[in-house]
Amino acid sequence: MTKKTSFNVAVVGATGAVGEKIMHFLEEKNLPINELKLLSSARSAGKKLTFKHKEIIVEEAKPESFKGIDIALFSAGGSVTEKLAGEAVKHGAIVIDNTSAYRMDPKVPLIVPEVNASELSKHQGIIANPNCSTIQMVVALKPIREAFGLSRVIVSTYQAVSGAGLQAPGELMNQTKQYLNDEEMTAEILPAGSDKKHYPIAFNALPQIDVFQDNGYTAEEMKMINETKKIFSEPDLSVAATCVRLPVVTSHAESVYVEVDKAGVTVEDVWEVLNGAEGIVLQDDPSTQTYPTPLSSADKEDVFVGRVRKDLDNDRGFHLWIVSDNLIKGAALNTVQIAQTLIKNKLI
Ligand SMILES: NC(=O)c1ccc[n+]([C@@H]2O[C@H](COP(=O)([O-])OP(=O)(O)OC[C@H]3O[C@@H](n4cnc5c(N)ncnc54)[C@H](OP(=O)(O)O)[C@@H]3O)[C@@H](O)[C@H]2O)c1
């Protein structure tokens, strides 16, 4: 622990979709930053980015880049984290990582500050930021779980293309033009850049996000399942997920079915615990067609919840619709909030 009041911060992947938003929130939330170092691959080294009206030259990320760094925010893909996070820690930095590299490591806290900030004190140098689709779901489920208990979660996602990196929205736009011009659509990124086949996303829905696992689920689905259990510290919680990519640019939507432990809970009871809960905005009024959508939730910090209904057959079952900006609360904002909490709780 230090008595420092301002910190040297590095952003690894500063030129990417998440990195760009991390820089925005470091500035907007006014983190006490002494020096900001921006790192990328050799491709973007030399590029100039602006932070607090000052130009900073992007450098290639190397092991020695972390000398003198107090906090390193990683969003450059799992292999970069695997290669460089340990080096950053060796140089004395605390790493907050956006990739899946360390999320399930028992020594690494997996943090959503509204849900499990108390786990932060257990960190040993690396802290993981959960998957975007997990973050928004656990923020919305936390007050329900606290008030009524939670035994089962079944989620189907409707995810935006920006979740697949900076290039994916361009692919959607190109394919849209091709489709409207009666041309054949070219697909090179989705459903998963590293997989063998690619399918058009424009005017389509792809039931594959990330690659398939041996059990028939995709890696994205297994992330949602395993991360939810870890964040709630409840390995026996029943969680199932189906993750689908839609031709939406920003904000993931989720249809979530939950079973609570307590009998006799009403929709009004669920509204009451959601209303005013940290990080949540309730938008739920069928009489005025009020509910969140990806477009209405984009560029906003909160997790929006609507369409709360009681299951017609199970007294303990409820259906919800949860929407949030995947690049903001789903990634960059949560990362910056972890850094803020570390500083506030004097854990650095
Ligand atoms: N998009 C989301 O909604 C979301 C949400 C949560 C987590 N994440 C995770 O965050 C990570 C980044 O996602 P993204 O959407 O921001 O991707 P992206 O737009 O493709 O950006 C990737 C960034 O990583 C840098 N990079 C690539 N290879 C590198 C290397 N060898 N060394 C150093 N930097 C390197 C790139 O630099 P260059 O400019 O030099 O290529 C770029 O800055 C991924 O692991 C992703 O799973 C994404």
Side-chain angles (χ1 to χ4, degrees), residues 10-25 37-49 56-66 72-85 87-88 95-103 110-112 127-137 157-172 188-190 192-194 209-211 218-220 223-224 227 243 245-246 248-254 294 297-299 323-338:
V11 179
V12 186
T15 49
V18 176
E20 187 186 308
K21 296 271 182 199
I22 287 178
M23 285 176 60
H24 167 82
F25 283 109
K37 192 176 254 194
L38 303 180
L39 302 169
S40 71
S41 78
R43 286 181 296 272
S44 295
K47 196 171 167 181
K48 288 178 187 155
L49 297 177
I56 302 178
I57 297 175
V58 177
E59 297 169 40
E60 182 182 353
K62 294 183 178 158
E64 57 273 23
S65 307
F66 300 96
L73 308 172
F74 275 70
S75 66
S79 59
V80 178
T81 295
E82 275 159 21
K83 199 170 124 205
L84 293 176
E87 298 292 335
V95 168
I96 304 173
D97 181 40
N98 251 296
T99 78
S100 55
Y102 286 100
R103 286 181 191 149
L110 183 63
I111 301 292
V112 180
I127 296 155
N129 196 59
N131 190 43
C132 40
S133 44
T134 310
I135 294 179
Q136 66 184 66
M137 184 170 81
T157 69
Y158 304 74
Q159 294 184 223
V161 292
S162 58
L166 215 48
Q167 311 294 330
E171 180 163 280
L172 167 62
E188 283 162 8
I189 301 171
L190 296 166
S194 62
I209 298 184
D210 211 331
V211 292
T218 63
E220 182 86 353
K223 284 178 205 167
M224 287 197 82
E227 292 176 19
C243 293
R245 188 79 71 189
L246 286 194
V248 162
V249 175
T250 307
S251 294
H252 295 339
E254 298 173 348
S297 310
D299 292 324
V323 190
S324 192
D325 188 315
N326 51 301
L327 296 172
I328 295 185
K329 185 55 189 170
L333 177 62
N334 200 65
T335 304
V336 171
Q337 286 171 329
I338 292 173

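Computed from a predicted model, the values in this text were never measured in an experiment. Start at 1 and go down the list; that is how both ligands and their atoms are numbered.
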Item checked: Contact check: N326 vs ligand 1, nitrogen or oxygen atoms, below 3.5 angstrom -> yes
Margin query: Which residue and atom name correspond to the protein heavy atom nearest atom 16 (O) of ligand 1, and how close is it?
Written below: V18 N, 2.9 Å
Check: Which residue supplies the protein heavy atom nearest to atom 21 (O) of ligand 1, what is that atom called, and how far is it?
Finding: G16 CA, 3.2 Å
Check: Among all protein non-hydrogen atoms, which one is nearest to atom 26 (N) of ligand 1, and what is the separation to 0.1 Å?
Finding: A76 CB, 3.8 Å
Checklist line | Check: L327 N/O within less than 3.5 Å of ligand 1 N/O | finding: no
Check: Looking only at protein heavy atoms, which one is nearest to atom 46 (C) of ligand 1, and how far off is it?
Finding: N98 O, 4.8 Å
Check: Is K47 close to S40 at the side-chain level, that is, under 4.5 Å between some pair of heavy atoms?
Finding: no
Item checked: Heavy-atom side-chain contact between V95 and F66 under 4.5 Å -> no
Checklist line | Positive for side-chain contact (heavy atoms from CB on, under 4.5 Å) with F74, one of V18, I96, N98, L84 | finding: L84
Notebook entry, point to check: For Q167, does the CD atom have more than 12 heavy-atom neighbours from other residues, nucleotides or ligands under 6.0 Å away?
Noted result: no
Item checked: atom 28 (N) of ligand 1 [closest protein heavy-atom partner, distance rounded to 0.1 Å] -> R43 NH2, 3.6 Å
Notebook entry, point to check: With respect to atom 17 (O) of ligand 1, which of P130, G165, A168, A42 exhibits the smallest heavy-atom separation?
Noted result: G165
Check: Do K21 and I328 come within less than 4.5 Å of each other through their side chains, counting heavy atoms only?
Finding: yes
Margin query: Side chain, backbone, both or neither: which applies to S100 and ligand 1 if a contact is any heavy-atom pair less than 4.0 Å apart?
Written below: neither
Note to self: Tell me the protein heavy atom at minimum distance from atom 31 (N) of ligand 1, and give that distance in Å.
What the structure shows: V80 CG2, 3.6 Å
Check: Distance below 4.0 Å between atom 19 (O) of ligand 1 and any protein heavy atom?
Finding: yes
Check: Does the side chain of Q337 reach to within under 4.5 Å of the side chain of V112, using non-hydrogen atoms?
Finding: no
Checklist line | salt bridge (charged side-chain N to carboxylate O under 4.0 Å, His left out) partners for K37, two or more places apart | finding: none
Checklist line | For G13, atoms of ligand 1 separated by under 4.0 Å from a heavy atom | finding: 23 (C), 24 (O), 25 (C), 43 (O)
Check: For atom 11 (C) of ligand 1, is the nearest protein heavy atom closer than 4.0 Å?
Finding: yes
Checklist line | Residue pair S162 / D325, side-chain heavy-atom distance below 4.5 Å | finding: no
Note to self: With heavy-atom distances below 4.0 Å as the criterion, list the atoms of ligand 1 near G163.
What the structure shows: 1 (N), 2 (C), 3 (O)
Notebook entry, point to check: Can you list the ligand 1 atoms lying under 4.0 Å from a non-hydrogen atom of A331?
Noted result: 5 (C), 6 (C)
Check: When you measure from atom 42 (C) of ligand 1 to every protein heavy atom, which one gives the shortest distance, and what is it?
Finding: T15 OG1, 3.5 Å
Next item on the list: For atom 45 (O) of ligand 1, find the nearest protein heavy atom and state the residue, atom name and distance (0.1 Å precision).
Entry: G77 CA, 3.2 Å
Check: Is L49 close to M23 at the side-chain level, that is, under 4.5 Å between some pair of heavy atoms?
Finding: yes
Notebook entry, point to check: Does a side-chain heavy-atom distance below 4.5 Å link T134 with R103?
Noted result: no
Check: So is V12 polar-close to ligand 1, meaning N/O to N/O under 3.5 Å?
Finding: no
Note to self: Any non-hydrogen side-chain atom of R245 less than 4.5 Å from a side-chain atom of H252?
What the structure shows: yes
